[in-house]
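Here is the structure we will look at.
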Amino acid sequence: MGRDIIADIITSIRNADIDQKGRVKIVCTNITKNIVKILLREGFIENVRKHQESQKNFLVSTLRHRKTRKGNKINLKRISRPGLRIYSNYQQIPKILGGMGIVILSTSRGIITDREARLEKIGGEILCYIW
């Protein structure tokens, strides 16, 4: 049975945010690079750098802690998983908190957000929700 890399990313970010740790170390793959780029662009992560330990590459991300929100939490939810894939066309992609959150999709054009998918009018596999 294989590992679910996306669930590992979500869990490590959630745990680091709950413990109010500043940094998260994530295994560097193409999927994780794209998801971290989206999180950086959307403002959930401050910066990212590459780190190498014993012939393995890692992405070290610094989380942005927002003091204005009660609870100071980043909410992440894995939707599509290896046992149950969830697909959507561009018209049925859900809006999280009325557009305040983001949906990350895996499409034929790569891993993109819900806004980009609606603009390009393409659907795909719904990976996770972030708000």
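We number each residue from 1, following the sequence as shown. All of these numbers come straight from a predicted model, not from anything done at the bench.
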Can you confirm whether [X] sits close enough to [Y] that some side-chain heavy atom of one is under 4.5 Å from a side-chain heavy atom of the other?
{"X": "Pro94", "Y": "Ile126", "value": "yes"}
{"X": "Val27", "Y": "Asp8", "value": "no"}
{"X": "Ile102", "Y": "Ile96", "value": "no"}

Let me have the donor-acceptor pairs involving side chains of residues 82-90, under 3.5 Å, with sequence neighbours excluded, atom names and distances please.
from, atom 1, to, atom 2, distance (Å)
Arg85, NH1, Glu125, OE2, 3.0
Ser88, OG, Gln92, O, 3.3
Ser88, OG, Ile93, N, 3.4
Asn89, OD1, Gln91, N, 3.4
Asn89, OD1, Gln92, N, 3.0

Return the [atom1] to [atom2] distance between [X] and [Y], rounded to the nearest 0.5 Å.
{"X": "Ile10", "Y": "Cys128", "atom1": "CD1", "atom2": "SG", "value": "4.0 Å"}
{"X": "Ile9", "Y": "Ile31", "atom1": "CD1", "atom2": "CD1", "value": "8.0 Å"}
{"X": "Ile79", "Y": "Leu127", "atom1": "CD1", "atom2": "CG", "value": "10.0 Å"}
{"X": "Asp17", "Y": "Phe44", "atom1": "CG", "atom2": "CZ", "value": "10.5 Å"}
{"X": "Ile45", "Y": "Leu39", "atom1": "CD1", "atom2": "CG", "value": "4.5 Å"}
{"X": "Leu97", "Y": "Asn75", "atom1": "CG", "atom2": "CG", "value": "8.5 Å"}

Name the atoms and distances for all side-chain donor-acceptor pairs under 3.5 Å in residues 53-61, with sequence neighbours left out.
from, atom 1, to, atom 2, distance (Å)
Glu53, OE1, Lys25, NZ, 3.4
Glu53, OE2, Lys25, NZ, 3.2
Glu53, OE2, His51, NE2, 3.2

Hydrophobic cluster (4.5 angstrom, side-chain heavy atoms) - remaining members for Ile112 = Ile122
Who pairs with Leu119 by side chain to side chain contact (heavy atoms under 4.5 Å, CB included), at least two apart in sequence or on another chain?
->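 Partners of Leu119 by the side chain to side chain contact (heavy atoms under 4.5 Å, CB included) criterion come out as none, since no residue qualifies.
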Would you please name every residue forming a side chain to side chain contact (heavy atoms under 4.5 Å, CB included) with Thr62, sequence neighbours left out?
-> Arg23, Glu46, Asn47
Excluding sequence neighbours, so at least two apart, what forms side chain to side chain donor-acceptor pair (under 3.5 Å) with Thr32?
->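 Listed in chain order: Thr29.
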Pair Ile35-Ile111, side-chain contact (heavy atoms from CB on, under 4.5 Å): steps then yes or no | CA-CA 7 Å; Ile35 291 175; Ile111 296 177; 4.3 Å; yes
Contacts satisfying salt bridge (charged side-chain N to carboxylate O under 4.0 Å, His left out) that involve residues 29-41 (not counting sequence neighbours) are Arg41-Glu116
Closest non-hydrogen contact found for Thr107 with Gly124 is CG2-CA, 4.3 Å
Please list, chain by chain and in numerical order, all residues satisfying salt bridge (charged side-chain N to carboxylate O under 4.0 Å, His left out) with Arg109, sequence neighbours excluded.
->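 By the salt bridge (charged side-chain N to carboxylate O under 4.0 Å, His left out) rule, Arg109 matches Glu120.
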By salt bridge (charged side-chain N to carboxylate O under 4.0 Å, His left out), which residues pair with Arg115, not counting sequence neighbours?
-> Glu42
Counting N and O atoms only, with roles assigned by atom type, does the side chain of Arg14 sit under 3.5 Å from a partner on the main chain of Leu76, one being a donor and the other an acceptor?
-> yes
